[in-house]
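This report refers to the structure that appears directly beneath it.
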Amino acid sequence: MLQYGPGYDHNWVVNKVPGAFGLQARVVEPTSGRVMEVWSDETGLQFYAGNFLDGTITGKGGAVYKIHDAFCMEPQHYPDSAEQAELPVGGAQARADVPQHHRLQFSTEW
């Protein structure tokens, strides 16, 4: 899949009961021990790997953000689920104005 684009921009199916609140992803930075967890009641997780960061954005301390220097994880429905009634949360249910619950949890391993 990556041969067709500059990096990840995928919706991952989360292995849990649809609508149940639970852990979707856990990322560990091994040098510092920083941990980020994404919790949600959503059925999918969109993962984007900074594919179009081009060095024009600067951050703290003048850090320049280049391609793949960052990533994003966004809990959400499956793409096109509003048009796919056979999906776990699809059709009219996906179009409904239903609250979504998310939690980002940060910690360290030491």
Side-chain angles (χ1 to χ4, degrees):
M1 188 77 168
L2 293 181
Q3 63 186 336
Y4 299 111
Y8 286 99
D9 190 2
H10 294 22
N11 188 275
W12 300 105
V13 175
V14 179
N15 187 15
K16 66 179 187 64
V17 175
F21 190 81
L23 180 65
Q24 287 195 317
R26 184 173 194 269
V27 179
V28 179
E29 199 292 310
T31 305
S32 67
R34 289 177 295 189
V35 177
M36 181 176 81
E37 293 181 343
V38 179
W39 294 73
S40 179
D41 54 6
E42 284 294 336
T43 53
L45 182 73
Q46 189 72 27
F47 177 78
Y48 167 74
N51 307 332
F52 297 100
L53 294 173
D54 62 3
T56 61
I57 299 172
T58 57
K60 187 175 180 178
V64 176
Y65 298 122
K66 301 178 298 294
I67 191 167
H68 305 144
D69 278 354
F71 65 90
C72 181
M73 296 183 293
E74 302 171 356
Q76 57 185 246
H77 293 322
Y78 303 135
D80 199 33
S81 60
E83 305 304 323
Q84 307 296 327
E86 69 277 4
L87 292 174
V89 180
Q93 186 178 4
R95 292 187 297 268
D97 188 15
V98 178
Q100 301 169 358
H101 301 94
H102 314 296
R103 180 174 73 210
L104 300 178
Q105 186 167 312
F106 298 90
S107 62
T108 60
E109 288 203 324
W110 352 306

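Position 1 is the first residue of the sequence; numbering continues from there. Just so it is clear, the model here is predicted, and its values are computed rather than measured.
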Gap between atom CD of Q100 and atom OG of S40 - 0.5 Å precision: 7.0 Å
Close side-chain approach of V38 to L45, heavy-atom, < 4.5 Å: yes
Reported OG1-to-NZ distance for the pair T56 and K66, which is rounded to 0.5 angstrom: 12.5 Å
Check: V35 and V27 side chains under 4.5 Å, non-hydrogen atoms: no
Any F47 side-chain heavy atom under 4.5 Å of W12 side chain: yes
Y48 side, atom OH; H10 side, atom NE2 - distance, nearest 0.5 Å: 13.0 Å
Single-linkage hydrophobic cluster, 4.5 Å side-chain cutoff, Y8 and F71 together: yes
pair W39-Q105: side-chain heavy atoms closer than 4.5 Å: yes
Beyond-backbone contact of P6 with F52, side-chain heavy atoms, under 4.5 angstrom: yes
Qualifying residue, where the test is side chain to side chain donor-acceptor pair (under 3.5 Å) with E42 and the options are K16, H77, Q76: H77
pair T43-Y78: side-chain heavy atoms closer than 4.5 Å: yes
Residues M73, M36; criterion side-chain contact (heavy atoms from CB on, under 4.5 Å); working and verdict: CA-CA 10 Å; M73 296 183 293; M36 181 176 81; 2.9 Å; yes
R34 atom CZ: more than 12 heavy-atom contacts under 6.0 Å: no
Donor-acceptor contact present, side-chain D41 to main-chain H101, <3.5 Å: yes
D9 side chain near Q46 side chain, heavy-atom distance below 4.5 Å: yes
Side-chain heavy atoms of L53 within contact of H68, under 4.5 Å: no
Minimal non-hydrogen separation, P79 against N11, with atom names: CD-CG, 3.4 Å
Between CG on residue D69 and CD1 on residue I57, distance to nearest 0.5 Å: 11.0 Å
